[in-house]
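A short worksheet on the structure shown next.
One-based numbering, in listed order, for ligands and for the atoms of each.
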Amino acid sequence: MKSTPKQTPSVDSLLNGNRFVRACLRKPVDCTPVWFLRQAGRYMQEYRDVRKHHTLVEICRQPDLAAEVTITAAEKLGVDAAIIFADLLLPLEPMGLPFEFQAGEGPVVHQPVRTAQDVAALHIDRADELEYVARAIQKVVSHFGGRLGIVGFCGAPYTLASYMIEGGGSRNYIHTKQLMYGDNSAWRRLLDKLVVVLTHYCRLQVEAGADVIQIFDSWAGSLSLADYRDYALEASTRLVRAVQAMGVPVIYFGVETTGLLAAMASTRADVIGLDWRQPLDEGWRAVGHTRAVQGNLDPITLFAPLEILENRVKEVLRAAAGRPGHIFNLGHGIVPGTPVENVQAVVKMVHQFRLAEAAEAVHG
Ligand code: CP3
């Protein structure tokens with residue numbers, strides 16, 4: 001156990017913990033912390049160079065490579081948090097569902113889950129096979145030594161279930177919803193199994209030193225509010241609470257979730273990730289100011305001329321109104337072809353923005 005020296009409250013107010021972790025906990029910060037979904041990826045030359053010699057899954061499975069890719073991206077951008085380089089689908093393999101990434105097509109699961117028997121065959125006792133992610137986290141933690149927040153992550157039960165059932169990405173989620181509506185006990189059993197595996201996976205990451213866990217419910221927006229409540233919320237809530245019980249804050253993120261935000265906040269996740277379709281202040285109101293929020297610049301704004309980009313960045317910051325508990329990010333991941341210098345410019349804009357001004361402008 002690390003011992004924490006006793007500090008007076010005023011010293012504590014800015015020095016205890018890095019600004020990313022402080023913002024997750026809605027503590028005051030010196031400036032708004034910033035990082036980017038998919039900050040390590042194909043838009044970056046250094047990543048493409050590593051990819052010339054290794055597949056995506058090879059990078060994930062070799063802690064030296066995964067740590068290198070994670071660290072290089074975070075240092076090059078000057079961000080406040082480093083997300084561990086891994087993929088959402090890694091837990092499928094130890095559950096008995098091999099997959100691969102096919103060029104240009106995204107992930108393909110060879111034998112998708114379609115029936116109660118398929119669900120029954122899934123393993124829940126092999127999550128230790130994901131140890132390699134924990135080893136990569138240890139390397140990143142020892143490199144940064146607390147300077148940046150280290151983000152571990154996993155998929156939410158609904159989103160992972162949809163990949164397992166569809167066998168890859170999907171437009172209409174027909175197979176997923178057929179199982180969900182048509183065989184409720186198989187659906188519940190599948191989510192229960194995912195919660196067991198994901199909880200164990202997150203524990204490996206937290207024990208390795210992850211400061212925060214982000215749960216990606218990327219496809220939650222395919223559900224109506226009623227279906228989200230009836231078929232996805234309870235399993236997500238269990239996962240959020242299990243991770244919080246490990247002593248770290250949780251960020252819960254989804255896309256096209258405007259109608260789901262209040263329900264997502266009911267999981268009591270510390271931070272709710274907002275996509276860009278709604279102004280940040282409206283999203284935060286829907287979430288409630290007792291939670292922190294992360295977001296929410298449209299990732300394609302990074303292709304705009306700097307002047308327009310700066311206007312949009314400031315719009316997001318002003319909407320946050322200097323309130324503690326805002327982490328600047330995109331509303332979804334950086335896409336290939338994004339100019340790296342624009343991403344770096346956003347980091348500077350966010351760090352130079354004067355929080356006090358925003359607070360005064362809004363609160364008078
Ligand atoms: O800095 C980072 O964020 C990198 C770590 C990371 C990856 N995947 C590496 C990756 C993270 C956080 C993910 C999460 C992930 N993976 C999600 C949730 C985030 C989201 O976008 O909502 C999802 C849905 C996946 C599944 C996945 N992985 C898809 C659909 C694809 C193919 C789409 C594409 O962009 O090609 C991947 C591939 C993948 N995972 C890449 C990276 C960097 C693409 C680059 C490559 O092939 O090398």
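Interface of Tyr47 with ligand 1, defined as ligand atoms under 4.0 Å from a residue heavy atom, comprises 43 (C), 45 (C), 46 (C), 48 (O). Every atom of ligand 1 with a heavy atom of Phe216 under 4.0 Å away is listed here by number and element: 12 (C), 18 (C), 19 (C). Applying the 4.0 Å criterion to heavy atoms of Ile83 picks out, from ligand 1, the atoms 1 (O), 2 (C), 3 (O), 12 (C). In the vicinity of Gln39, heavy-atom distances shorter than 4.0 Å reach the ligand 1 atoms 1 (O), 2 (C), 3 (O). Using a 4.0 Å cut-off to heavy atoms of His332, the atoms of ligand 1 that qualify are 20 (C), 21 (O), 22 (O).
Using a 3.5 Å distance cut-off with no hydrogens or angles, the side chains of Asp227 and Tyr181 do pair a donor with an acceptor. With 3.5 Å as the limit, one finds a donor-acceptor pair spanning the side chains of Arg48 and Gln45.
If you check which protein heavy atom lies closest to atom 13 (C) of ligand 1, you get Arg38 NE, 3.7 Å. Residue, atom and distance of the protein heavy atom nearest to atom 47 (O) of ligand 1 are Arg51 NH2, 3.2 Å. Of the protein's non-hydrogen atoms, the one nearest atom 4 (C) of ligand 1 is Ala40 O, 3.5 Å. Looking only at heavy atoms of the protein, atom 34 (C) of ligand 1 is closest to Arg42 NH2, 3.0 Å. For atom 11 (C) of ligand 1, the closest heavy atom belonging to the protein is Phe153 CZ, 3.6 Å. Closest to atom 23 (C) of ligand 1 among all protein heavy atoms lies Leu88 CD2, 3.4 Å. Protein heavy atom in closest approach to atom 24 (C) of ligand 1: Tyr163 OH, 3.4 Å. Scanning all protein heavy atoms for the shortest distance to atom 37 (C) of ligand 1 gives Phe101 CE2, 3.4 Å.
Residue Asp87 holds the heavy atom nearest to atom 10 (C) of ligand 1 of all those in Val151, Asp87, Val57. Residue nearest to atom 29 (C) of ligand 1, selected from Cys154, Pro107, Gly106: Pro107 (by heavy-atom distance). Across the listed options Gly273, Ser218, Pro336, Ala82, Ser218 owns the non-hydrogen atom lying nearest to atom 18 (C) of ligand 1.
Counting only heavy atoms from C-beta outward, the side chains of Glu100 and Val57 never approach each other to under 4.5 Å. Thr72 is listed as a side-chain neighbour of Glu68, based on a closest heavy-atom distance under 4.5 Å.
Not a single heavy atom of Phe36 sits under 4.0 Å from any atom of ligand 1. Residue Ala86 places a heavy atom less than 4.0 Å from ligand 1. Judged by the shortest distance from any of its heavy atoms, Gln214 lies outside the 4.0 Å radius around the atoms of ligand 1.
The neighbour count for Gln344 CD, taken as heavy atoms of other residues, nucleotides or ligands under 6.0 Å away, is above 12. For Arg114, the CZ atom sits in a packed shell: over 12 heavy atoms of surrounding residues, nucleotides or ligands are nearer than 6.0 Å.
Taking the centre of each ring, Phe85 and Tyr47 come in below the 6.0 Å mark.
Ion pairing of Arg19 with Asp30 is present here, as a side-chain N (NZ or NE/NH1/NH2) and a carboxylate O approach within less than 4.0 Å. Comment: Arg61 does not engage Glu131 in a salt bridge, judged by the lack of any side-chain N to carboxylate O separation of less than 4.0 angstrom. Looking at Asp192 and Arg238, a side-chain N of the basic residue comes within less than 4.0 Å of a carboxylate O on the acidic one, giving a salt bridge.
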Distance-only donor-acceptor pairs under 3.5 Å for side chains of residues 277-285, two or more places apart:
unit_1: Trp284; atom_1: NE1; unit_2: Arg291; atom_2: O; d: 2.9

Using a 3.5 Å cut-off and no angle test, enumerate the donor-acceptor pairs between side-chain atoms of residues 143-159 and protein atoms at least two apart in sequence or in another chain.
unit_1: His143; atom_1: NE2; unit_2: Glu75; atom_2: OE2; d: 3.0
unit_1: Tyr158; atom_1: OH; unit_2: Ser222; atom_2: OG; d: 2.9
unit_1: Thr159; atom_1: OG1; unit_2: Asp217; atom_2: OD1; d: 2.6
unit_1: Thr159; atom_1: OG1; unit_2: Ser218; atom_2: N; d: 3.2
unit_1: Thr159; atom_1: OG1; unit_2: Trp219; atom_2: N; d: 3.1

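Only the side chain of Leu56 comes within 4.0 Å of ligand 1, judged by heavy-atom distances.
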